[in-house]
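Structure first, commentary second.
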Amino acid sequence: MALRSPNLNVMVSAARMAAKGLIRDFGELENLQVSRKGPSDFVTVADTRAEQILKAELSRARPDYSFLMEESGAQDGADKTRRWIVDPLDGTLNFMHGIPHFAISIALEEKGEITAGVVYNPVTDDLYTAEKGGGAYHNDRRLRVAARTNFAESVFATGIPFQGRPGHREFLMRLARVMSVSAGVRRFGVASLDLAFVAAGRMDGYWEETLQPWDVAAGILLVREAGGYVTTVQGTGNPVATGSVAAANAALHPQLLKVLKIDEGGAA
Ligand code: IPD
Ligand code: CA
Ligand code: CA
């Protein structure tokens with residue numbers, strides 16, 4: 001059983017608290033599918049409400065810490081060296097479409113380093129936690145990335161850029177390369193859970209670009225604490241800050257970077 005630090009306990013209980021509202025709102029959605037306006041306004045309300053609960057719970061326990069939250073942005077506390085990086089609802093589109101695959105993602109950054117992470121799927125009650133140097137856990141089970149070394153037998157998760165996002169052409173070039181030399185590619189629609197799946201050894205690897213810190217901060221720690229490697233797709237720079245992520249085990253990670261290498265803006 002994982003021995004959780006006081007900060008991780010605060011994160012887990014905040015996530016569980018906000019999850020109750022998300023589950024209730026997810027259930028309500030079924031009644032809204034038929035309304036003419038569609039569920040998108042309702043989802044925005046659910047999202048904002050979850051963020052408010054997380055903010056209230058986290059600041060009640062740690063009044064001095066700063067915040068970086070998807071909906072309300074950056075907010076400095078008295079302690080600027082510690083901040084919570086929060087996505088109250090990762091997988092909005094799944095939520096909106098009644099697909100029970102979405103998560104609350106909370107990371108703690110201390111002096112620029114991610115030291116704790118929680119990714120929680122409220123519907124399935126799957127709780128993924130990690131602390132720097134303390135390992136990664138799924139509920140109470142210690143996680144280890146997959147042991148597979150053969151790229152051709154490996155399965156990769158990814159995220160597809162959509163309307164309004166850049167990099168469609170580069171994504172298609174990379175997808176064409178990965179799909180032709182791997183066992184398969186999956187698109188689940190929740191970056192934090194994609195990383196949790198890599199940490200849990202369900203996926204052999206994952207890549208995506210143009211993400212935000214709140215999508216990946218907690219998930220990256222999960223993968224690293226499960227023995228995996230995470231860099232940007234290009235191999236240089238900070239994946240949390242740049243939102244470019246390539247994750248896999250030690251054997252597959254260099255292979256993945258090689259397969260993903262394209263002359264950006266030019267030919268594969
Ligand atoms: C999105 C999800 C998705 C990823 C998108 C993100 P949101 O977050 O993580 O998997 O592909 O890039 O924006 O908007 O549902 O919180
Ligand atoms: Ca997100
Ligand atoms: Ca979100």
Check Pro239 against Val216 and note the closest heavy-atom contact, atom names and distance.
-> O-CG2, 4.3 Å
Is there a path of hydrophobic side-chain contacts, each under 4.5 Å between heavy atoms of I, L, V, M, F, W or Y residues, that connects Val10 with Leu8?
-> yes
Would a 4.5 Å heavy-atom cut-off, applied to side chains only, mark Leu257 and Thr231 as touching?
-> yes
How long is the gap from CD on Glu51 to OG1 on Thr48, to the nearest 0.5 Å?
-> 7.0 Å
Would you indicate whether the side-chain heavy atoms of Val190 and Asn121 approach each other to under 4.5 Å?
-> no
Can you check whether Tyr128 reaches Asn139 side chain to side chain, under 4.5 Å on heavy atoms?
-> no
Trp84 side chain reached by Asn7 side chain, heavy atoms, under 4.5 Å | yes
In sequence, state the C-alpha distance, the side-chain angles, and the governing distance for Leu127 and Tyr137, and then conclude on side chain to side chain contact (heavy atoms under 4.5 Å, CB included).
-> CA-CA 8 Å; Leu127 176 71; Tyr137 291 83; over 6 Å; no
Do the side chains of Met69 and Ile85 join up, straight or via other hydrophobic residues, at under 4.5 Å, putting them in one cluster?
-> no
Judged by atom type as modelled, is there a donor-acceptor pair below 3.5 Å linking the side chain of Gln75 to the main-chain atoms of Ser66?
-> no
Write down the atom of Ile106, the atom of Met11, and the distance for their closest heavy-atom approach.
-> O-CE, 3.4 Å
Under a single-linkage rule joining Ile, Leu, Val, Met, Phe, Trp and Tyr whose side-chain heavy atoms are separated by less than 4.5 Å, which residues share a cluster with Val259?
-> Phe151, Phe156, Ile160, Phe171, Leu172, Leu175, Val178, Met179, Val181, Val185, Trp207, Val233, Leu252, Leu256, Leu260
Is it the case that one hydrophobic cluster holds both Ile53 and Val12, taking links as side-chain heavy atoms less than 4.5 Å apart, direct or via other members?
-> no
Donor-acceptor contact below 3.5 Å, side chain Gln255 vs main chain Ala251 = yes
Under 3.5 Å: donor-acceptor pair, side chain of Glu225, backbone of Gly135 | yes
Between Asp215 and Gln212, is there a donor-acceptor pair closer than 3.5 Å when you use the side chain of the first and the backbone of the second?
-> yes
Could you tell me whether a side-chain N or O of Ser180 sits under 3.5 Å from a main-chain N or O of Arg177, the two making a donor and an acceptor?
-> yes
Specify the closest pair of heavy atoms between Arg144 and Gly227, including all atoms of both residues, with the distance to one decimal.
-> NH1-CA, 3.7 Å
Say you draw a straight line from OG of Ser244 to CD of Glu208; how long is it, rounded to the nearest 0.5 Å?
-> 10.0 Å
Nearest 0.5 Å, what's the CE-CG distance between Met17 and Leu54?
-> 10.0 Å
Side chain to side chain contact (heavy atoms under 4.5 Å, CB included) evaluation trace for Leu22 with Phe95 = CA-CA 9 Å; Leu22 282 182; Phe95 186 97; 4.1 Å; yes
Which atom of Glu71 lies closest to which atom of Asp47, heavy atoms considered | OE2-OD2, 3.0 Å
Taking side-chain hydrogen bond (donor to acceptor under 3.5 Å, both in side chains) as the test, write out the residues that go with Thr115, two or more places apart.
-> Glu110
Do the non-hydrogen side-chain atoms of Val118 and Ile104 ever get within less than 4.5 Å of each other?
-> no
Establish whether Leu222 and Val240 are linked, either directly or via other cluster members, by ILVMFWY side-chain heavy-atom contacts under 4.5 Å.
-> yes
Would you check if there is a donor-acceptor pair between the side chains of Arg148 and Asn249 at a distance under 3.5 Å?
-> no
With Tyr120 as reference, evaluate Asp126, Asp125, Thr129 under the side chain to side chain donor-acceptor pair (under 3.5 Å) test and give the passing residue.
-> Asp125
Heavy-atom closest contact (Val119 atom, Ser105 atom, distance) | CG2-OG, 4.2 Å
salt_bridge(Arg174, Glu209) N-O dist < 4.0 Å = yes
For Thr81, side-chain hydrogen bond (donor to acceptor under 3.5 Å, both in side chains) partners two or more places apart = Asp79
Please assess Glu70 against Val86 for the test side chain to side chain contact (heavy atoms under 4.5 Å, CB included), listing each intermediate value before the final yes or no.
-> CA-CA 7 Å; Glu70 181 174 17; Val86 178; over 6 Å; no
Atom CG of Asn9 and atom CZ of Arg4: how far apart are they, to the nearest 0.5 Å?
-> 6.0 Å
Backbone of Ala199 reached by a side-chain donor or acceptor of His138 within 3.5 Å | no
Once the angle between the rings of His101 and Phe188 is folded into 0 to 90°, is it parallel (under 30°), tilted (30 to 60°) or perpendicular (over 60°)?
-> tilted
Does the pair Val245 and Leu195 meet the rule for a side chain to side chain contact (heavy atoms under 4.5 Å, CB included), with working shown?
-> CA-CA 10 Å; Val245 176; Leu195 285 159; 4.1 Å; yes
Determine whether Arg186 and Thr158 make a side-chain contact, defined as any pair of heavy atoms from C-beta on separated by less than 4.5 Å.
-> no
Side chains of Ser192 and Asp90, donor plus acceptor under 3.5 Å = yes
Checking Glu131 side chain against Ala116 main chain: does a donor-acceptor pair fall under 3.5 Å?
-> no
Sidechain N-carboxylate O distance under 4.0 Å for Lys132, Glu113 | yes
Tell me, with the steps shown, if Glu57 and Ser13 meet side-chain hydrogen bond (donor to acceptor under 3.5 Å, both in side chains).
-> CA-CA 8 Å; Glu57 287 300 305; Ser13 65; 5.3 Å; no
Is it the case that one hydrophobic cluster holds both Leu221 and Leu68, taking links as side-chain heavy atoms less than 4.5 Å apart, direct or via other members?
-> yes
Can you find a pair of side-chain heavy atoms, one from Val43 and one from Leu29, that are under 4.5 Å apart?
-> yes
Can you see which heavy atom on Tyr206 is nearest to which on Ala191, and at what distance?
-> OH-CB, 3.5 Å
Does the side chain of Leu58 come within less than 4.5 Å of Tyr65's, by heavy atoms?
-> no
Should the pair Arg83 and Phe67 be classed as cation-pi, given the thresholds of under 6.0 Å to the six-membered ring centre and 45° from the axis?
-> no
Side-chain donor/acceptor of Thr236 to backbone N/O of Thr232, under 3.5 Å | no
